[in-house]
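Naming convention: chains lettered A, B, ... in sequence-line order (proteins, then strands); numbering from 1 in each chain.
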There are 2 protein chains.
Amino acid sequence: MPPKSRPATLDVESVTRWRRRAGERPDEILNAALDEFLAKGFDAARMEDIAARAKLSKAGVYLYFDSKLALLQALVDREVKPIAHRATALMRAGHADPIAALRLLATFARGTVADPRLMAVPRLVISIAGRFPEIAERYRLEVVERAIGGLTALIAAGIAKGDFRAVDAGVAARMLAGPLILEALWRHILGGAPLAPDIAATAAAQIDILLNGLRPDARPEPTP
Amino acid sequence: MPPKSRPATLDVESVTRWRRRAGERPDEILNAALDEFLAKGFDAARMEDIAARAKLSKAGVYLYFDSKLALLQALVDREVKPIAHRATALMRAGHADPIAALRLLATFARGTVADPRLMAVPRLVISIAGRFPEIAERYRLEVVERAIGGLTALIAAGIAKGDFRAVDAGVAARMLAGPLILEALWRHILGGAPLAPDIAATAAAQIDILLNGLRPDARPEPTP
DNA sequence: TGTATATAACTGTCCAGTCAGTTATATACT
DNA sequence: AGTATATAACTGACTGGACAGTTATATACA
């Protein structure tokens, strides 16, 4: 070993120390921020801890993001785009056979909702919604509104096609989505054990009730 | 102007200034705290502002509550007790005629969910759940778990009585409750316009689909 | 006079954001 | 190739303000 005066740790790390070009940094910082925000909440999360998690100094974070709030906004933006597209595409593809599409969706969506990693940003958005209504609204418009809208369109297509009787498509859509939201709230926010451990069975049970409720030959409830 | 050194406001208020006995204070402070917590979030809410809203000095608040966190806990406690009782009682009463009870519940619950005042504490709990899991868990156990449990029991009673076919009662319960949670999340947390402006009609549409789905003569979906 | 109720003023700590300076990589020039 | 210069990536140390919680003091009333 050459008689270098540098500390040993530097020798070990020095190979990769500056090789990392800036391109990857923002994402690393955002991941760190998400973890800290979820663990401590937006206000209680410290920029220094976020930086440390991203293996950076606090000042380093400010080279990429103007402020703590900018970090939050970038975080939501990053997740919003892909989800919205995926959801709408999936549902548009199902218009040909709405019944099959609903069956597929119910299982697929339940799997999504059970995954803590995928639920991280929604959780964050909900927790900060009171303080930053613009962020919450953006999320609602880009994600929730699209999802419910697509689902409603799918059921409306089923009604037009004669697969379902003429119920309020929006209400039916929310009878599919609502229980999923409830499950997500329960598990990931209120910290409960899964309400429905068997994803496939639960999805099947739900779709069974829903499809029977939508059946063309069912007689509508008399409104007393 | 008389050469009094006291500020004028004191003279005006002094008549009633000390008359207020301690009994009412805690509630006033809790109401003020709830408002501030909802407006700014738990961390950003300032004890001084809470005190001012309750027409007290900051130190005054500390005569009744030990800390900011104690305020939060007291707030949740205050709301938890009555709600849990009311909900279970309502549902137990309906076991004789589950169908009628579900119809009633759907409309009643939709009205509840539409009321911002009643949704204030749930909103707060959700927003702080990440930071204070014990509070969230307590709320889940005392309120959400009881509500879902009662609803499930009601539907199970309907199945036993022959009003409904033998579906998974828990799933059916969540198909009633889920859309309500979705509506609440939408309106009160994500700041959307009401998804369903006409409460009665929406409740009717939902119960129509659900009851048809539960009908004893419906044929169960084949699970492919 | 004593006790309960209240407050103004204070203290100690915490942390977002800044800045002056350092180290690694890239480029220009010989 | 080697050396000088520029610039990108990064950091340690600091500041200024905010705010939870405390203390010393005042008022009301029995």
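- A donor-acceptor pair under 3.5 Å links the side-chain atoms of B:Lys68 to the main chain of B:Asp43, judged by distance alone.
- Considering A:Leu151, A:Ile207, A:Leu180 in turn, A:Leu151 is the only one that fulfils the side chain to side chain contact (heavy atoms under 4.5 Å, CB included) rule with A:Leu105.
- B:Leu38 has its side chain within reach of B:Arg123: a pair of non-hydrogen atoms, C-beta onward, lies under 4.5 Å apart.
- A search for side-chain contact (heavy atoms from CB on, under 4.5 Å) contacts involving B:Ala153 returns B:His95, not counting sequence neighbours.
- Between the CD atom of B:Glu36 and the P atom of D:dA20 there is a distance of 11 Å, given to the nearest Å.
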Under 3.5 Å, which donor-acceptor pairs do the side chains of residues 45-54 of chain B form with other protein atoms, sequence neighbours left out?
| from | atom 1 | to | atom 2 | distance (Å) |
| --- | --- | --- | --- | --- |
| B:Arg46 | NH1 | B:Asp49 | OD1 | 3.3 |
| B:Asp49 | OD2 | B:Lys40 | NZ | 3.0 |
| B:Arg53 | NE | B:Glu36 | OE2 | 2.9 |
| B:Arg53 | NH2 | B:Glu36 | OE2 | 2.9 |

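- B:Arg25 places its CZ atom 17 Å from the P atom of C:dA4, with the value rounded to the nearest Å.
- Residues A:Arg110 and A:Gln206 bring a donor and an acceptor atom of their side chains to less than 3.5 Å of each other.
- Rounded to a whole Å, the CG atom of A:Leu63 is 17 Å from the P atom of D:dT7.
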Mind listing the N/O atom pairs, protein and nucleotides 12-18 of chain C, below 3.5 Å?
| from | atom 1 | to | atom 2 | distance (Å) |
| --- | --- | --- | --- | --- |
| C:dC15 | OP2 | A:Arg46 | NE | 3.0 |
| C:dA16 | OP1 | A:Ala45 | O | 3.2 |
| C:dA16 | OP1 | A:Lys68 | NZ | 3.4 |
| C:dA16 | OP2 | A:Met47 | N | 3.1 |
| C:dA16 | N7 | A:Lys58 | NZ | 2.7 |
| C:dG17 | OP2 | A:Tyr62 | OH | 2.9 |
| C:dG17 | OP2 | A:Lys68 | N | 3.0 |
| C:dG17 | N7 | A:Lys58 | NZ | 2.8 |
| C:dG17 | O6 | A:Lys58 | NZ | 2.7 |

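- Taking atom CG of A:Leu56 as the reference point, atom P of C:dT23 lies 17 Å away to the nearest angstrom.
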